[in-house]
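Computed from heavy atoms alone, side chains included, the values below leave out hydrogens, waters and symmetry copies. Every number for a ligand or one of its atoms is a count from 1 in the order of the listing.
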Amino acid sequence: MSVPQPPEPIPGARLLFSLDPAVSHLNHGSFGAVPIGVQRAQQRLRDEMEANPLRFFTQGLVDRIAHTRRHLAGFLGADPQGSALIGNTTTGVAVVLQSMGLRPGDEILSTDHGYGAVSLAIARECRRTGAVSRVLPIPLDADDDQIVQTIRAGLRPGRTRLLVVDQLTSATAKLFPTAAIVAVAHENGVPVLVDAAHAPGMLATTVASIAADFWAGNLHKWGYAPRGTALLTVAPQWRERIEPLVVSWEQESGFPARVEWQATLDYASWLAAPAGLFTLRSLGVDRVREHNAALAAYGQRVVGDALGVSPAQLPDPGGPGVSLRLIPLPAGTGTTIDAARALQTRIGERLAAEVAVMSWNGRGWLRLTGQVYNTADEYERLAARLPALLDQR
Ligand SMILES: Cc1ncc(COP(=O)(O)O)c(C=O)c1O
């Protein structure tokens, strides 16, 4: 089966990053990669902080953070008044869960595509409050209509107090029709938290168009921001109820300042985040999205071919612009979290290729990403060498 052509590389883009050139970095999804210019911007802010810490923290920092938040929210199409900068999506989920005021018998509904740490957070909130967690199975090949219908049928109005869904799933690289899911949940009086960890920078959908009650997404993956930069957006009717994890000096200022200000921290990552968006815009946001999605699709096909997986067996993410792609591993490979992690490490060490290996529903999957610093030959090299490594089990 012939593989489609890879996209044209974006000239010079590789040189914007300080990544080890001896390694193929095919897992941008887990921790991102920070362009050199953004690292420099962050360092300049740290230099400013270290030159006069008292002045840095006491003269204008809260306003600089608010200004940054407005910039990032504007880029994402989120309401700046209803958004707070936070450290990461995991924190956003925790803030929302503990603000819901759940009681015994209440229910949190989620899907079996949810992120592991989010599922653990839901489990802990249920233990703490006496609420129960219910997880809806959604087949990997379900289309948008099936997803919405499954969720509609799974809602229990009056009992389901929160629905948690991913915009783009981590383990299964699947795009969920979040706006339609939110609409159906709202028809049933159920609020929705969207885990949008991968969306900022990758997906064109605006936060406002999803109309979720709560939306949390990372700028430090596809938005080229320094790590520790994420946004939590909250619909107007919930803002009063949102409590920070840590009470600090801005507590009486209400949302978003009370969530944003978390005492003495290194806020340089947030202030440098607009430099990440500047890099993205300089390269051309649409051009980067198209390039990355096409390259990830190319990688999926070449590596799939090498593993004997036909194109029809390769999961389709379900929408344009998705720069994460899955390839099923041979039966019995990477079927548990431990086995998947061990295989990921082996691929990194033996093949000098950083990839994600996921176990989902008793099956192992290779997850590849496309980024502006990647080239077609990196996937081809992986394809040439992976089958032998998998045979060595
Ligand atoms: C779907 C999803 N949710 C949440 C997270 C957690 O992100 P963070 O570690 O930045 O909180 C991730 C990370 O990859 C993710 O893919």
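Nearest protein neighbour of atom 16 (O) of ligand 1, counting heavy atoms only, is H198 NE2, 2.8 Å. The protein non-hydrogen atom at the shortest distance from atom 5 (C) of ligand 1 is Y115 CE2, 3.3 Å. Ranking protein heavy atoms by distance to atom 3 (N) of ligand 1, first place goes to D195 OD2, 2.6 Å.
Numbered from 1 in the order shown, with element, the atoms of ligand 1 that lie under 4.0 Å from a heavy atom of D166 read 1 (C). Residue N88 approaches ligand 1 through these ligand atoms, each under 4.0 Å from one of its heavy atoms: 8 (P), 10 (O), 11 (O). For ligand 1, the atoms lying closer than 4.0 Å to a non-hydrogen atom of K221 are 13 (C), 14 (O). Of all the atoms in ligand 1, the ones that sit under 4.0 Å from a non-hydrogen atom of H220 are 10 (O).
Within the 4.0 Å heavy-atom criterion, both parts of T90, backbone and side chain, lie near ligand 1.
The option with the heavy atom closest to atom 10 (O) of ligand 1, from among T229, N218, T91, L324, is N218.
Here's the thing with S30: none of its N/O atoms is less than 3.5 angstrom from an N/O atom of ligand 1.
Defined by atom type and a distance below 3.5 Å, a donor-acceptor pair is present between the side-chain atoms of S30 and N27.
Remark: E380 CD to D305 CG distance equals 11.5 Å, nearest 0.5 Å. To the nearest 0.5 Å, atom CG of residue L277 and atom CG of residue L219 are 6.0 Å apart.
Annotation: L245, atom CG; neighbour count of heavy atoms from other residues, nucleotides and ligands within 6.0 Å is above 12. More than 12 non-hydrogen atoms from other residues, nucleotides or ligands lie less than 6.0 angstrom from CZ of R281.
The closest donor-acceptor contact from the side chain of Q39 to the backbone of V34 lies under 3.5 Å.
For the residue pair E260 and Y267, the shortest heavy atom distance occurs at O-CE2, 4.1 Å.
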